[in-house]
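Below is one structure, written out as structure tokens; comments come after it.
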Amino acid sequence: MQGFVNRAVQCFVRDTYGWAVWLNVVRRAGLGFTNFEAMLVYPPHITENIVVALEIEFRKPRSIILEDLGTYLVTSPTTEVLRRMLRFGGEDFGEFILSLDELPDRARLALAEIELPSIQLHSTGAKQYLIEIGEGLPGFSWALVGVLRALADDYGALAFIEHKAGSKRDQISVVLADDSFSHGRHFELAPAQSATG
Amino acid sequence: MTALVTVDILNWRRRNLQQVDFLALTGALDVLNPMNVVVEKDGTICHIGPTAKRFQPDIGVGFFEAFVVTKPSDVIELADLHDVAGQKLVLGLRHSDGPFFTGIAMPLKERFLINLSFGFGVVDAVRRFNLTASDFAPTDQSVGMIYLTEAKTIAIDEFKRLSERLNGAKTRAEHAAQTDELTGLMNLRALREELIGLQSSGDRFAIMTLDLDHFKAVNDSLGHAAGDHVLKETARILCEETREGDAVARNGGDEFTLLLKGVQAQATTLEIAARIIDRIEQPIVFEHSTCHISASVGTIFSNDAQALDIEEMLSNADKALYSSKRAGRGRNTIYT
């Protein structure tokens with residue numbers, strides 16, 4: 001699991017800010033190597049060291065950095081496979097939100113090592129939801145805010161997504177204003193070319 | 001007159017009710033399984049679900065004109081469907097290669113209801129008929145199967161790339177572990193492995209150990225860069241004066257070991273050593289200086305070794321080498 005997270009952060013910093021900046025982060029975090037492998041196992045404190053290094057490097061709080069990471073994961077060509085996996089969650093953004101509590105199980109089905117925090121979905125009104133995030137992956141809720149905002153665009157939906165800190169568990173509120181606000185990006189169940197590679 | 005009209009209206013109402021029933025039935029069927037086919041008692045298709053329409057758009061044609069039941073193989077007409085009602089069927093399209101369907105047929109009054117699904121060919125079928133998630137009922141696991149296929153392909157590809165990278169790193173590490181970085185020759189460890197291989201093959205060979213004379217003076221007076229240059233030149237000469245299959249190693253410092261395969265005549269080793277010493281004694285130019293060195297050599301033959309222990313052979317070759325040093329350098333001594 002940690003391999004995926006660290007690798008995702010590496011790709012995000014490299015693609016967004018360049019390799020030199022990533023090398024700075026690596027040095028600050030005292031890694032001793034420059035390249036993460038998604039499929040390898042790393043101790044959890046390495047991820048924390050990197051996040052701290054990112055905060056110093058960019059002079060931004062982790063909430064903003066992790067949200068940018070979430071946006072990157074959905075919008076970058078590097079991580080197109082992840083966007084595809086997410087889009088299997090529903091035909092439109094409303095359906096996707098309704099299936100959000102299945103996300104940890106869907107991820108585990110893809111690869112048993114992936115252990116996402118639990119996600120609980122509460123309906124708070126017409127097309128209004130409160131998402132509660134369980135423990136296990138600090139900062140996950142901030143990244144999820146970025147993922148959800150980018151996915152709303154991807155589906156062509158208009159939605160208001162806010163992080164709600166302060167309570168015992170991290171929460172995200174979603175208000176779905178318009179499910180077909182714009183055209184969004186195309187999604188095929190089985191693309192003709194092996195775009196999956 | 002009135003009675004006839006009444007009967008007509010009753011008939012009309014009955015037909016109308018039948019029509020309403022049928023619409024309600026197919027409406028529900030299309031939601032429960034969009035890949036349904038309804039067959040009339042005369043064998044013609046009277047209804048096709050929205051997803052099934054993608055590969056069988058026409059109603060009114062005979063069911064067995066459009067579809068072939070491949071398993072069980074003896075289902076060739078409508079009457080046969082009664083015998084396999086409720087059983088698993090495998091079907092194909094009569095006028096097209098693939099896809100294959102898993103199906104199940106049940107009689108309902110005089111009609112037949114047939115449910116179809118894509119089997120393991122679901123990914124190809126989705127691609128071919130351009131299907132989306134809404135073409136499948138939410139209870140149908142086809143979309144989940146496509147998701148899993150794609151997810152597993154990504155995971156396996158990632159593992160393949162990882163093992164390729166690790167394999168490359170392993171090859172580089174092995175090469176580095178066997179090579180002397182400065183000269184590119186093999187190191188003593190690699191030479192030992194070569195020796196073990198030779199010993200087990202039983203082939204005869206000679207080991208020649210060589211130590212540069214006056215090398216310390218070059219290092220001290222002209223610096224390490226000059227020393228490194230002399231070592232590289234020596235490595236080049238040793239490679240040129242040996243054959244392809246022989247092994248040349250740098251033991252470390254200014255000491256080298258040669259493994260001459262199939263050589264058992266003293267005269268041959270004397271000649272090789274003399275040529276090497278002669279070439280090493282030629283002045284070596286480095287930047288604006290000239291280095292003068294020589295080499296002392298000790299030789300041992302595999303058939304001379306009483307104990308075929310590798311370490312003992314190497315140490316005996318060393319003894320012969322130091323005899324050369326003591327005898328005035330720039331010469332070869334054969335261990336006896």
Side-chain angles (χ1 to χ4, degrees), chain A residues 1 3-4 6-8 11 33-42 73 78-96 98-99 102-114 116 155 179-180 184-197, chain B residues 30-31 34-35 50-52 54-55 98-101 117-170 172-173 176:
Chain A
M1 176 67 205
F4 285 98
N6 297 341
R7 177 77 190 175
C11 289
F33 58 90
T34 56
N35 199 41
F36 282 109
E37 291 290 351
M39 296 289 177
L40 292 185
V41 177
Y42 300 90
L73 291 177
T78 308
T79 50
E80 167 68 14
V81 290
L82 190 70
R83 172 207 167 240
R84 279 193 56 77
M85 294 288 96
L86 288 167
R87 285 283 301 250
F88 272 98
E91 277 280 88
D92 55 41
F93 190 62
E95 215 179 276
F96 175 85
L98 285 174
S99 77
E102 296 168 9
L103 190 69
D105 284 338
R106 294 166 58 82
R108 199 161 26 244
L109 205 58
L111 206 65
E113 284 84 343
I114 302 183
L116 296 180
Y155 274 109
D179 229 339
S180 48
R185 273 170 76 195
H186 189 59
F187 174 74
E188 272 179 58
L189 275 189
Q193 300 303 316
S194 62
T196 56
Chain B
D30 287 356
V31 174
M35 275 172 66
T51 305
R54 303 291 191 88
F55 46 83
F100 289 98
F101 308 100
S117 74
F118 297 112
F120 292 108
V122 63
V123 177
D124 289 334
V126 162
R127 191 171 294 146
R128 178 163 161 192
F129 300 112
N130 223 352
L131 304 179
T132 67
S134 57
D135 290 315
F136 296 94
T139 48
D140 187 336
Q141 288 301 317
S142 293
V143 175
M145 201 156 137
I146 298 168
Y147 165 80
L148 257 189
T149 309
E150 188 167 332
K152 293 294 175 194
T153 307
I154 294 165
I156 289 170
D157 285 351
E158 190 61 36
F159 269 122
K160 274 189 203 154
R161 279 196 290 270
L162 172 64
S163 67
E164 274 165 25
R165 281 195 291 270
L166 292 182
N167 201 32
K170 180 170 164 270
R172 283 193 297 278

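Below, all heavy atoms of this structure are taken into account, side chains as well, without hydrogens, waters or symmetry copies. The chains referred to below are lettered A, B, ... by the order of the sequence lines, with proteins before strands, and numbering in each begins at 1. Since we're looking at a predicted model, the values are computed, not measured.
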Handout entry: Which atoms of B:Leu148 approach chain A - backbone, side chain, both or neither, heavy atom under 4.5 Å
Key = side chain
Handout entry: Listed partners of B:Arg54 passing salt bridge (Lys or Arg N to Asp or Glu O under 4.0 Å), at least two apart
Key = B:Asp135
Exercise for the section: Compare all side-chain heavy atoms of B:Ile154 with those of A:Met85 and state whether any distance is below 4.5 angstrom. Expected result: yes
Completion exercise
Sorted by chain and residue number, the side-chain hydrogen bond (donor to acceptor under 3.5 Å, both in side chains) partners of A:Arg83 (sequence neighbours excluded) come out as A:Glu80, A:Asp154
Exercise for the section: Report yes if the side chains of A:Glu188 and B:Asn130 come closer than 4.5 Å at any heavy-atom pair, otherwise no. Expected result: yes
Completion exercise
Given A:Leu40, A:Leu109, A:Leu111, the one with more heavy-atom pairs under 4.5 angstrom with chain B than any other is A:Leu109
Handout entry: Closest non-hydrogen atom pair, B:Tyr147 against A:Arg106
Key = OH-O, 2.7 Å
Handout entry: Inter-residue atom distance B:Met145.CE - A:Leu189.CG, 0.5 Å rounding
Key = 13.0 Å
Problem - B:Phe55, CZ: over 12 other non-hydrogen atoms inside 6.0 angstrom - result: yes
Practice task
Provide the closest heavy-atom pair for A:Ala110 versus B:Lys152 in the form atom of the first, atom of the second, distance.
Solution key: O-NZ, 2.9 Å
Fill in the blank from the handout: Closest non-hydrogen contact found for A:Ala38 with B:Glu158 is CB-OE2, 4.2 Å
Problem - Heavy-atom pair count under 4.5 Å with chain A, highest-scoring of B:Gly144, B:Ala155, B:Ala133 - result: B:Ala133
Problem - Max heavy-atom pair count under 4.5 Å with chain A, selected residue of B:Val122, B:Val143, B:Asp124, B:Thr149 - result: B:Val143
Practice task
Could you tell me the separation between the CZ atom of B:Arg165 and the CE atom of A:Met39, rounded to the nearest 0.5 Å?
Solution key: 10.0 Å
Problem - Part of B:Phe129 within contact of chain A (heavy atom distance under 4.5 Å) - result: neither
Problem - Proximity breakdown for B:Arg128 and chain A, heavy-atom pairs closer than 4.5 Å - result: neither
Handout entry: Residue B:Lys170 excluded, over 12 heavy atoms near NZ under 6.0 Å
Key = no
